[in-house]
Every structure is written in structure tokens, then in C-alpha cells.
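Worksheet for the structure shown next.
The model shown is predicted, which means the values in this text are computed figures rather than measured ones. Letters A, B, ... are given to chains in the order of the sequence lines, protein chains preceding strands, and every chain is numbered from 1.
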Amino acid sequence: MSVQGLGMQFKDYDSLLNECVNQKSLIGGQRVQAHMIKTHYLPPVYLRTRLIVFYLKCEVLRDARMVFDEMPERNVVSWTAMISGYTKCGLYSDALTLFVQMLRSGTYPNEFTFATVLTSCVGASGFEHGRQIHSLIIKTPFEFHIFVGSSLLDLYAKAGKIHEAHTVFEALPERDVVSCTAIISGYAQLGLDKEALELFCALQKEGMPSNFVTYASVITALSGLAAFEYGRQVHAHVLRSELSSYIVLQNSLIDMYSKCGNLSYARKVFEIMPERTVISWNAMLSGYSKHGIGKTVVDLYNRMNTENKVKPDSTTLLTVLSGCSHGGMEDIGLKFFDEMKGRRNGVDLSIELYGCVVDLLGRAGQLERALQFVKEMPFEPNAAIWGSLMGACRVHKNVEIGKIAGRKILEIEPENAGNYVILCNLYACEGNWEEVRKLRELMKEKAVIKEPGKSWIEFDHTIHTFYASDRSHPRKEEVFLKVRELSDRIKTAGYCPDLSSVLYDVDEEQKERMLLGHSEKLALAFGMINVSETKPIRIMKNLRICVDCHNFAKFVSGVYGREVFVRDKSRFHHIVNGVCLCGDYW
DNA sequence: ATAGGGTTAG
């Protein structure tokens, strides 16, 4: 395009700038601006705002800000465009600062401003700021504006206030794809998977419009539920629709099949992708990692580096290392870590990565070295670090180091019940019942409430959920009898209930009864009754599986010749012929 | 002219 000759007028500049915005032509726009300066043309607010938008489009935030700062006067659009620029670059607190300046300058925000600035609040995890802005919005006509409302409900949902989010959603006079997706994904991101799925179904019946983001969100909920049959149906629907080529959607399918325990389906989706992002690789790697298949994790990671199309990020490193740990490949994992530390590779090593190393050393039984490693870390060790050291001490029955880790962790996280349980187990294996008793008292004192354990199993297109000592399932009698029967049978093969897993101060007989009531045993028994002998039994649990239930499942697998999968909070246990791929370390 | 929802890891 030509910017030669004088006599350029407003509409000429306007159309030139429009063209540069559309083509993202940085040089073109810069020439337009240079021409304005050369000819002493003083652009009005409108054109200066167009320049800001142009620079933002070309991702040159600094130059956009320069134009903004030099404006003799600004209107709501100039302010909003600049705030949105910061938001899109992830500079949320700068965006919020600018918003405050805007209010001070006496410019009234409009629906565009509010929608943007609420997004900044979400990005900055600034829920309180968001709430304050909500009270500003109440005084405007924008509270029920669909864009503003979507941001608002997202704000509440991401702060964990799903009820308030739902209220905002219900109050919207109209609904569209984005607002519907926002509320569904709000439930899914909080782990309220069943609610997310139900809402999706209900809204679909009402004719909700949906797109690939909607499906990505509902597939996330299905991953949490491990609803394999349902997931396949949704996948089939996606294939029939125009949505199947979205990478985000394929990524969520990889994760969904992995979390349903079906790695071969996940791999199939992964292999036929014409293009992959780092998330595709990470999702696939994580699938193998959680199943304890360390060798494939390493092979896949090597292939990723050989192909050299997608660069590993910090999540990749974490997944590979945790894959080595879950897969019982301590030496290779430690070698990886040294390599990473040597290279750095532009990716910062995170505290979580150091946590993986503690896991690796712990698994290898090198507890002294693990403790030393924790002491020398460039981070202040957190609860997760001490937790993995304590877990390692429980497995290797090292009470001495376990106590050190335990003391630290109770300082940092006195409210986490799981910590007390592991520490109690540790003291119990030493026969130190006095300490166990003290810990129980402490737990009562701090009023720690354990998240109720639940397990579920998909059978006959239904999800059957069991709670500890559950009396609610319609076939409870049958299930309880089956647990007894299994227990009696495997006892003859050497199963011995691990009474130290019970934290309550009751007699031994009752302890055993409580153990038999654990939700994963109920789900396993239900599976033994109903699932065809040729098929594996797949159980899901919301917490980590306890030592006794793990042992129970191994014996059932061995004695009855069944393949059992248990997906717990952190990984898969794949049990064949009485042996678990986790190597009894988790 | 300026605007809202999404996929992986722990």
C-alpha cells in the first residue's frame, strides 16, 4: 500500500489502518503512524484507538501503550482496548491497575470493559477484586448482559462458589454457547463431574447450542467419572459432527480414554492426530505414567525429542519423571533429573520436580539420601515433599526418618487427615501403640475431617457408587455377603487383614469389620458378582487406595484368576495374577 | 473500534 503524498484525511488513515489490522502488517501500520507524525497530522481519539488495536493485534504491547500514554484525551473504548491488551498477554495485575486508573479518570466502564476486567480477575486469582467489581456492575444496566454474565459466573465458579455461579447463570435472560459451556466447565473443574454431566444433558434437551469447547468440558467430566461407555458415545457423536478436527477435543479424548483405563483407545486417538500440541504429548505420557508403564513413557518422550516438532515443557518433564517413579525405574529417572538440571533448557525446574526425585529415591529405599536431598533443595520443602518422604518411610518401615517427615508435615498441614493415617501406620508397624493413640487424640483435637471415601464401578451403562460401610446400594446385602465370602476364601491363601489401617480405637473384630466395609472392597465384590469372567474388573476410587484393600485386591486377583484395575486418586493399579504393576509402592 | 467459556502435570 502507498502512504505517499500529503493531504491524507481521516478516512484514508482509517481504511489503511483497517487493512493493516486485518493483515497483521506491522510495517504497514508503522508507516501509517510515521506519516501522521511527518505531516503533523493530529489524529483524533478514534484513530489513536485504532492504532492501539493495531499494535495489540501485532502483539507489540509496548508500542500500544506508548500511543495510549500520549493521548491527550481518552474514551471508554481506548481504555477498554488497552485493558484487554494486558489481559490477553496474561498481565492481569497491570490490567486491573489500568482499570482503577480508568475509574479515577471519571470514564464510565461499559459492558465490554466489565467483561474484560472480570477475566483479568479470574486470571489473577483475584476473587475479592472480582466481587468488588460485581458490586459496581449491579449499579449499571450490565449485570444481566450475556458477556458480562458469563465472565461473572466464571469468576464465581473458579473461586469454588459454584452455587453463586449457578445463580448468575439462572438469572441470565438468554443463554448461548459460551454461558452454557462456562457453567458446565465450572462444575467439571471443581470435580463435580456428575453434576456437570447432568447439566450438559439437561441443557442439551433444552436445545443448548454447543461447540468444541462444550464437548471438551463434558469430556473432562467423563474423564473424572471414568464413564467409558458414555465417553465412547460422546466420541462417536464428535466423529459424526464437524468438531472432530479440533486438537483441544482430541487432547481431551486422549485423557478421557487414559483415565478410563483404556490406553489403546487413547493411543489410537493420539496416533491419528495430524498435528499435536505439547498437551497431546503430555496427556498421552500421563496415561502411561499413571498406569505404571515407565518404559513406554521413556520411549514416547524420546520419540517426542526425535520428531522435534513440539518442545517439552515443565509439565512434560514432571510427567516423565513421575512416570519413571510409578514405573519402578528409579535409576533412569534419577539420570533424567541430572540431565535436566544440567541443561535447564529454558524450562525452570519446579518444586514438584524435586518432589518426584524424593519419590524416586524413596522408592529405591534410599531414605537417608532422600532426606539429605530435601535438606539441600533450592526450595523450602512443602507438605507434598514431606508427604512423599513419609510415604516412602511407610513402605520401607523406616520409622526414624518417617518421624522427622511426619513432624514437619503436621506443622504445615495439621488439617489433612491423610497425613495422620500414614503416620499412624508407621508407628503401628513399630508396635508403638502409645504414639498411635496420641496421634488419634491430636486428630480429634484438630477436628480433622476425612473426605468420605467412595468407589464406583460402571456396569450395565450405570455408575454404581459405594461409600464405606454403605447401606444405600439396592444390592447391599448381596454385596456384603460377597465381601465376606471373598475374604474367607483368600484367607486360606494367606491374606491377613492389616488392622493397623484402622484408626479407630475399637476391638480387633470390629476393626476387621470396618476394613471389610471399605468402599473399594464393596465395588470389587459387586464387580465379582456382575462382570463377566472374561473381562477385567475396573474400579475407581476418589482417594488413595489403602494398604489392606490393595492387598485384598491382589489376593482376589490371584485366587480367582481375575484381572483388576483400580484407579485411585494418583494412579492406576493394574493387578494380574496377584501382582500389581505398582510394585506395592504408591 | 473495545468483550465472555476450553485440553495436560502435582
Which label fits A:F572 and A:H291: parallel for a plane angle under 30°, tilted from 30 to 60°, or perpendicular past 60°?
parallel

Who are the ring pair (Phe, Tyr, Trp, His ring centres under 6.0 Å) partners of A:H573, not counting sequence neighbours?
A:H550, A:W586

Classify the ring geometry of A:F114 against A:F142: parallel below 30°, tilted from 30° to 60°, perpendicular beyond 60°.
tilted

At a heavy-atom distance below 4.0 Å, what parts of residues 58-82 of chain A sit against DNA chain B?
A:N75, A:V77, A:T80

Pick base, sugar-phosphate or nothing for A:I146, based on heavy-atom distances below 4.0 Å to the nucleic acid.
base

In terms of relative ring orientation, are A:F169 and A:H166 parallel, tilted or perpendicular, with 30° and 60° separating the classes?
parallel

Using a 4.0 Å heavy-atom cut-off across all strands, classify A:V177 as base, sugar-phosphate, or nothing.
base

Can a salt bridge be assigned to the pair A:D69 and A:R65 using a cut-off of 4.0 Å between side-chain N and carboxylate O?
yes

Which part of the nucleic acid, if any, lies within reach of A:N18 when heavy atoms closer than 4.0 Å are counted: base, sugar-phosphate only, or nothing?
nothing

Terminal contacting nucleotides, 5' and 3', DNA chain B versus chain A (heavy atom, 4.0 Å)
B:dA1 to B:dG10

Set of residues satisfying side-chain contact (heavy atoms from CB on, under 4.5 Å) with respect to A:E352, sequence neighbours excluded
A:L318, A:S350

Indicate whether any N or O donor in one side chain lies under 3.5 Å from an N or O acceptor in the other, for A:S151 and A:D154.
no

Give one of base, sugar-phosphate or nothing for A:S185, where a contact means two heavy atoms less than 4.0 Å apart.
sugar-phosphate

Enumerate the residues from residues 148-164 of chain A whose closest heavy atom to DNA chain B is under 4.0 Å, giving them by residue number; use none for an empty result.
A:S150, A:S151, A:D154, A:K158

Between A:Y585 (side chain only) and A:R363 (backbone N and O only), is there a donor and an acceptor less than 3.5 Å apart?
yes

More than 12 non-hydrogen atoms from neighbouring residues, nucleotides or ligands closer than 6.0 Å to CZ on A:R104, yes or no?
no

Qualifying residues under side-chain contact (heavy atoms from CB on, under 4.5 Å), relative to A:A221, sequence neighbours excluded
A:A188, A:D193, A:A196

